[in-house]
Each structure stands twice: as structure tokens, then as C-alpha cells.
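Written below as C-alpha cells is the structure these notes are about.
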Amino acid sequence: MARRIWLCWLAAACIAAAPLVGSAQDFDESPSAPAESQRPLAVNPFPGSSAASLVAETDFLSPFASFFSPARQASTTIDLQSYYRSPSRSQLLAVPEMFGDYRRAGPTLVITPASGLLPALATEIPVGAAISGLRAAENNHALPADRVWASFNYFSNAYDVQTDGSFGLTPTSRSQSLYRSVIAVEKLLDCGQTSLEVRMPFGSALNTTGVAGAGANVAGFGVESNSLGNLNLLLKRLMYADECRAFSVGVGLELPTGSSGAITYGALHATVDSQAVHVVPYAAYTERSGRWFGHAFAQLDIAAGSDPFQATLNGATPELAGKIDQPVLLGMDAGLGYWLLQPCCPQGRGLALLSEIHSTLPIHDDDDDFVAAGALGTFAINSPPPAYEVLHLTAGIHAELGQGWSLRSGVVFPMRKERVFDAEYVLQINRTR
């Protein structure tokens, strides 16, 4: 397991650090000046400064990144402030953010009643409104920035509750689509080298009900969760940036503010509370070249702690039946875009096409599954395992509306049989200063 982790991160670091370890010529030569029509008309001053005038095109190299670039010394604070006010940063900041995409699968549960002629019931447990999960690439960019944004996601047929064909009964299935809204703000710190982002997701209240069995042997079932997701915090630190590319690293925290998930099947009842804190270290890279631009993100989703599982094993009072741990998940995102109508300045209007691919996979093969049995029935956790390994393709269009406002719309399609929804529609609106 440790070997696979180091190999994944070594490959990501080699790709992302490529612009940092170039020759002396790569760093010593000044970038060619853009056409006058492409220069920004205005730019905000760096944090804490009242000056708003543009300085010459420049770049920035952090002290940490300078260890990988022996051809050049680390930039000073004055260099960082100069980069913040330069056309280099303004033009790179005008590159559209990634759409990003993520819905982390929750733990699975199979309930088998101990008596009667009732079939087994299989469902995902809707922890955190069934829409939580921190993806650093979602509506993000390698450059730290002052911005606010909001998004709306519609996941078609994202939630299924099924019964099997036990006792010759016809299997039943109930599906529900999910809605997700996010409100977020990112704020610059440390003269523009660092930013802190806060995201708050909200989902649609989940309430899937039905009846299982036949004749005199029937029981109602229900899966419920409220609409509150897990709060996300992201810290981003710029490592290197010039007119055409930026590389940053950061860490995210997913805090357990989300709603509990509850499943009822006749006299059987189970709940899972969101209590695990997820730590998400990540690296981000953004590049532009003429009308073309692209992004690459890599992250690890590490659950620090467990989510408690309670169930009615022997009586009417739920008792602790176990704790659910999530495996470490590796996420990789890559996107490519093209300006159909390139803005004449960073605050101008434009139209671009975007395509992205998103991959998530557990980096070890050990599934956290267990069985809790009692007089009322048997509860099998993560058997079958959750849909952690997914591959999604995103396509969309981005419109720059002027004055820092942008509107983007896209669709997401699963590319594997294992999936957490049938299709997704995403709408995002951004305001960048």
C-alpha cells in the first residue's frame, strides 16, 4: 500500500514540477509581451496595498519551490507583490476554472430480517445528505484569488434502494435523483501567495419509501436524510507562477457537519452519523497557451476517524453495532479548454469550450466490511463494497460576462459500469476580483 501511495504521488509531482525544474534559460528569459489588446485595462492591488498600477510582466518562485530550481533564487516579498500587480497574473487568472466533479459514495447496507418471508434490502447509507465529499478541483484554479461562487448539481438516479428475489418474490427497486447546491468564498492572504476557501454544500432532503414482500408478509421501508452537507475548508499555497503557468499545493478539510442517514425496514432501524474528518492534501497546475488552456489536479482523501453505525439488533433501542472507516481515495482530474471568443482583457467577455476527465480509486484493496447480527436480523456493511472506483467525463461551455462575472454549464457522464449516478448536470456562477 505504501509503495502505491509513493508511486502515485511521485508521478504527480514529476508532472506538476516540470515547469519548476527547467533550464536556466527557461527562468532567465523574460516572457514575450502580449499584444496591446490583450493587456489588462485594470488590476486590483495586492492585499494591504493601495497601489493599483500595473508593473512589468514578471513571475514568482516560492522558497520551497526554489529547491527544485537551482537555476534561480526564491522570489522576495517585493517580487511577489510585483507579480500580483502584473499582466502575467491577470492574464493567467482569466483562464476559466475547472468544472470539477465529485459525489463520494456512501457505505452500503444489506438488511436481512431474521424471521418471516421478507427479502433482503440493499441500499447506500446517505451520510452527509448523500452529496458530501471534498474535491479540490471543483470550480478551482491553481492561482489563489479573491472570488465568490455558487453551483447547482443535479445527479440523475443517484440513489437506489433494492430488494432481492428471495422466496420467489419479484425484486423491487426505488431510485431517487439528488440535488446539490454549494455556496463558496475564497480570500487571498499573505500578499496573494496564499488563499483560504470555504465551501458549504446543501442537498435535497432524501426520502425514499416503499413496501417489500407479498401477501401477509410485507413490511415498509424508508431511507431518510436531511439536507445539510459537510463543510469544506481549502488552503492553497502558490509555488510558482508566470504569465503562462501556475503550480500550487494545498490541503483541504471536510468537517462532519452533515446530516445523519437513517434506514428503516419493518421493525429494523439503522443510522450512521457523520463524524469522520477528511484530510485532503492536493496539488494543482494551470497553463495557458494562446487560445488553449488546461488544468491538472491530484489529491488524496484520507478519513481521520470513523462514522458510528447504530442498529436495532435485539430490541427497540438502537445500539452501537460498529464503526465504518473509508479507505484512502486517490483523485486525479485533468481538463482542456479552448477560447471560441477570447476576451480582449481579463475583465472582458468571452466564450470557451471545456472538456475534463475525473478519476477516483481506492489505493488499497482492503474493504472495510463487517456484519452485525442480532435477534431481529442481520446488517451487512459494505458488502457489496461502495462505488469508490469511478471515472467521469465532463463537457461544458464557459461564458465570461464581463467585470469578473462568469457563467458555466456542463454535463457529466460515468464511463464505467460502477457509478454513483446515471448522469449529472452542473451550473456554476463565479465572481472574481
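For Thr77, the side-chain hydrogen bond (donor to acceptor under 3.5 Å, both in side chains) test picks out no residue, with sequence neighbours left out. Residues passing the ring-ring contact (aromatic ring centres under 6.0 Å, His included) test with Trp292, sequence neighbours excluded: Tyr338. Partners of Asn217 by side-chain hydrogen bond (donor to acceptor under 3.5 Å, both in side chains), not counting sequence neighbours: none found. Scored by the side-chain hydrogen bond (donor to acceptor under 3.5 Å, both in side chains) test, Thr108 finds no partners at all (sequence neighbours excluded). Remark: Val218 engages Val211 in a side-chain contact (heavy atoms from CB on, under 4.5 Å) (not counting sequence neighbours). Listed by chain and number, the residues in a ring-ring contact (aromatic ring centres under 6.0 Å, His included) with His141 are His295 (sequence neighbours excluded). Under the salt bridge (charged side-chain N to carboxylate O under 4.0 Å, His left out) criterion, Asp301 pairs with Arg104, not counting sequence neighbours. Evaluation of the side-chain contact (heavy atoms from CB on, under 4.5 Å) rule for Ser355 yields Leu336 as partners, not counting sequence neighbours. Looking at residues two or more places apart in sequence or on another chain, you find a ring-ring contact (aromatic ring centres under 6.0 Å, His included) between Trp339 and Phe293.
Lys187 has a carboxylate O that lies under 4.0 Å from a charged side-chain N of Asp146, or vice versa, which qualifies the two as a salt bridge.
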Donor-acceptor pairs under 3.5 angstrom involving side-chain atoms of residues 413-424: please list them, not counting sequence neighbours.
from, atom 1, to, atom 2, distance (Å)
Asp422, OD2, Asn157, ND2, 3.0
Glu424, OE2, Asn153, ND2, 2.7

Give every donor-acceptor pair under 3.5 Å between a side-chain atom in residues 199-208 and any protein atom, sequence neighbours left out.
from, atom 1, to, atom 2, distance (Å)
Arg199, NE, Glu197, OE2, 3.0
Arg199, NH1, Arg135, O, 2.8
Arg199, NH2, Ala136, O, 3.4
Arg199, NH2, Glu138, O, 3.1
Ser204, OG, Tyr179, N, 3.2
Thr208, OG1, Gln176, OE1, 2.7

Sequence neighbours left out, cut at 3.5 Å: what donor-acceptor pairs do the side chains of residues 261-268 make with other protein atoms?
from, atom 1, to, atom 2, distance (Å)
Thr264, OG1, His269, ND1, 3.0
Tyr265, OH, Pro119, O, 2.7

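Judged by distance alone, the side chains of Ser225 and Ser259 never bring a donor and an acceptor atom under 3.5 Å apart. Side chains of Ser248 and Arg237: a donor-acceptor N/O pair is absent below 3.5 angstrom, by distance only. Side-chain atoms of Asp369 and Ser383 include no donor-acceptor pair closer than 3.5 Å.
In this structure, Leu93 and Leu143 approach most closely via the heavy-atom pair N-CD1, 3.8 Å.
Test Thr112, Val110, Thr163, Thr172 against Leu121 for side-chain contact (heavy atoms from CB on, under 4.5 Å) and you get one pass: Thr163.
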- Task: For Glu400 and Arg349, run salt bridge (charged side-chain N to carboxylate O under 4.0 Å, His left out): C-alpha distance rounded to whole Å, both residues' side-chain angles, the deciding distance at 0.1 Å, then the answer.
- Result: CA-CA 5 Å; Glu400 286 289 340; Arg349 298 181 179 181; over 6 Å; no
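The structure places CZ of Phe297 at 10.5 Å from NE2 of His358, a figure rounded to the nearest 0.5 Å.
Remark: Arg89 is positioned above the aromatic ring of Tyr84, its terminal NZ or CZ atom under 6.0 angstrom from the ring centre and at most 45 degrees off the axis.
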